[in-house]
Amino acid sequence: MKGNRFCFITNILLLFVFPAFSPAAFALETIRDFHADIQVQTDGSVIVTEKITVYREGKQIRRGIYRSLPKTRGVTYSVLSVKRDGKPEPYFTEKARRFFTINTGNDTFLPHDGLYTFEITYQASNVILSFKNHDELYWNVTGNEWSFPIERASVEVVLPDGAEIRQTSSYIGFLGSKEAGLYLSEKNVFSAPRSLKQREGLTIAVGFDKGFVEATRFPLEQFAQYAALILGSYMLVTWFLFGRDPPQDVIVPRFRGPSGLTPALAGWIYSCGHNKEGCLAAALLQGGLSGFLHIKYNNGLLKVTKAREAKNGEEKTFERYMTFPLVVVDKYSPKLERFMLDFSEFLEQKAGEKYFTANTFLVFFGCVLMLALTTGLSFFAQAPYLSIIMGAYLIFSVPLGKRFLKGIVTKKFPYASFWTLFVIFLHFCATTLNVIDENPETKTVILFYVLSGFALIVYSYLIIRPTYEGMRIIAHLDGIKMFLKTVEPTLPDKVDFNSMEELLPYAFLLGLEKEWEAKIKLVAGTAYQPQWFKGHFSMNGFGNLHATLSKAGIRPIRSGLGGRGFSGGGFGGGGGGGR
């Protein structure tokens, strides 16, 4: 009796409980089979037929499925047919910023759960890549956007009559995976050796004979190379014609500054207008030497008072635009920034075109050309908005980069320019990483922009051309540098205290404060202590004047400024899901 009862309970469990734990009970909506037939056309397009067999449970797959195809590299799509289980199926398409989407079905639900086979046939133009020795189909078969696992994935490639395959490769997995797929050469069929998880895909590359596809197109990378060639040719030709320096005079030791020029104006000519802080520091020191100013500097605190009325244009500029007493600390001051700009305009007007030509128009046209090429590449990568972002960064980066480069060349590390550029670079990275994540095709455009931007910064520095008169001034200051850097136990007879004191502003311009201090000790026999300076004059402490003026006169920029492997496939890709 007990045995019969046990058998009855067992049968009940087997009948009702065990089926609940069967694989069918736990069946998830999946893609049971994804097979694509790709026919390469002689016009450079492909006709793709995708047979997608799905298991439906009414969760995500209710009315049908959708297939999203990426809008990349100028590819256009046209739908030829959509079927469900061999019969025509209603569909509609959508064009988002990144995808061309084919939606199967309509507003009615599918009639039952279980297996359905959707067949989507479409044509994609401009997808065959042209290389020197072969043409190539590089295609992401399944895409990497499916929210379902794919149990089986395969693709058959049919080439134009007479064309033979020369090389193949295939990859499966997530983006960036180099796990190899399978290739059956006698049938030209590629397949995944295992089932694919959600957002895993199959991509293939098929290289074949040239001459069978007429309308092949160039990949974005090759267009970027042409753009770089155009921009590089422009910069090289214009530099050769307008940027090469004339021959320099013979450099000999100089013991006095150039006649007819103030140290600030001579420094402006020597740096071709880049060393604004050094020119201002030289003007302050010259004002002290001439009796126009009294200066006190200690531990980063600069205090300047007027000792007499202005006599020349440079002193009148100080008198007109500077409020005395001037107190400056090593942090940003809007007043000093405004004065530095006014003083720079005065020096620029005094120098005019007599000493050097900045060729600003050539730099401006180079920026316009670079943005035009970037815009063209952006449109080709289906990201036209990218050129607007790039233009905004270019406005800041070129002048700051030119200042930074000049500081490196003159061995005065421009900390303010460096940190400002660093903040801009971080913001640029944060912005472009989001753009690349949204549209991987923009990676080539951004790389072209970055490399071109560096080249343009170097070009903006090299295109500045001194005149013959400017080269004479440059040679004169190089002669002062030669004298200050010469290590000798004695000085020439023509060098006295007055001539050495006259060279003080030039020592600051050239970054040779310590060398100057050592030489004036040889003349005076003691440490230098000028009457126009209040307090203890020390070159060790006073040598930071340039850095103090840089921090006070430059506005800080805040961070709130606005092997190939499997990379998702050169074309194809996207993904899909249920609807």
Side-chain angles (χ1 to χ4, degrees), residues 263-264 267-268 271 274-307 310 314-315 317-347 396 399-400 403-404 406-407 410-424 504-505 507-511 513-514 516-517 528-561:
W268 183 266
S271 68
H274 293 309
N275 191 8
K276 297 178 181 179
E277 299 84 3
C279 292
L280 179 56
L284 290 172
L285 293 173
Q286 182 62 29
L289 290 171
S290 64
F292 173 58
L293 301 175
H294 281 169
I295 301 174
K296 182 178 182 179
Y297 182 81
N298 187 29
N299 294 329
L301 175 65
L302 174 69
K303 184 177 180 180
V304 181
T305 57
K306 189 174 73 169
E314 191 170 291
E315 292 178 356
T317 302
F318 271 78
E319 197 172 56
R320 180 179 179 183
Y321 295 108
M322 184 179 287
T323 303
F324 294 101
L326 173 69
V327 179
V328 179
V329 294
D330 55 355
K331 65 180 181 179
Y332 171 67
S333 168
K335 291 183 179 180
L336 188 65
E337 180 192 34
R338 181 68 258 174
F339 174 75
M340 191 177 293
L341 292 175
D342 293 332
F343 187 64
S344 298
E345 290 178 5
F346 165 77
L347 295 176
F396 292 98
L400 284 169
R403 177 190 292 271
F404 177 77
K406 178 60 182 179
T410 57
K411 298 181 180 180
K412 290 184 178 180
F413 191 82
Y415 290 97
S417 300
F418 171 79
W419 289 114
T420 305
L421 282 171
F422 184 70
V423 171
I424 294 176
L504 174 60
F508 273 86
L509 279 171
L510 302 171
E513 299 91 342
K514 294 181 180 179
W516 178 88
E517 187 175 35
Y528 178 67
Q529 183 61 44
Q531 295 181 354
W532 48 268
F533 184 81
K534 297 180 180 178
H536 175 66
F537 187 90
S538 170
M539 296 299 285
N540 290 331
F542 205 52
N544 294 324
L545 176 60
H546 184 279
T548 299
L549 293 176
S550 297
K551 293 179 181 178
I554 298 179
R555 184 188 303 270
I557 302 231
R558 302 187 183 276
S559 58
L561 280 173

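Keep in mind that this is a model prediction, so the values were computed, not measured.
Residues passing the side chain to side chain contact (heavy atoms under 4.5 Å, CB included) test with A282 are P263, P505, L509, sequence neighbours excluded. Not a single side chain to side chain donor-acceptor pair (under 3.5 Å) links K276 to another residue, sequence neighbours left out. With sequence neighbours excluded, no residue forms a ring-ring contact (aromatic ring centres under 6.0 Å, His included) with Y321. Every residue two or more places apart in sequence or in another chain was checked for a side chain to side chain donor-acceptor pair (under 3.5 Å) with E345, and none qualifies. Under the side chain to side chain contact (heavy atoms under 4.5 Å, CB included) criterion, P530 pairs with Y528, W532, F533, F537, not counting sequence neighbours.
To the nearest 0.5 angstrom, E315 atom CD is 12.0 Å from M322 atom CE. Expressed to the nearest 0.5 Å, how far CD of E314 lies from CD of E319 amounts to 13.0 Å. Of the inter-residue distances, the one linking L326 atom CG with K303 atom NZ reads 10.5 Å to the nearest 0.5 angstrom. Once rounded to the nearest 0.5 Å, the distance linking CG of L284 with CG of L280 reads 4.5 Å.
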- Task: Go through the steps for V327 and L302 under the test side chain to side chain contact (heavy atoms under 4.5 Å, CB included), then give the verdict.
- Result: CA-CA 6 Å; V327 179; L302 174 69; over 6 Å; no
- Start with the C-alpha gap between D342 and F346, add the side-chain angles, then the distance that decides, and say whether side chain to side chain contact (heavy atoms under 4.5 Å, CB included) holds. CA-CA 6 Å; D342 293 332; F346 165 77; over 6 Å; no
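Sequence neighbours left out, not one pair with a member in residues 279-295 passes salt bridge (charged side-chain N to carboxylate O under 4.0 Å, His left out).
Minimum heavy-atom separation, C279 to F343: O-CE2, 4.0 Å. Residues K306 and L293 share a closest heavy-atom pair of CA-CD2, 4.3 Å. Nearest heavy atom pair, residue F508 against residue E513, reads CD2-OE2, 3.6 Å. Residues V328 and L336 come closest through the heavy atom pair CG1-CD2, 3.8 Å.
The environment of NZ in K335 is sparse: at most 12 heavy-atom neighbours from other residues, nucleotides or ligands sit within 6.0 Å. Residue-environment remark: CZ (F422) stays at or below the threshold of 12 foreign heavy atoms within 6.0 Å.
Taking the six-membered ring for Trp and the full ring otherwise, the centers of F324 and F318 sit at least 6.0 Å from each other.
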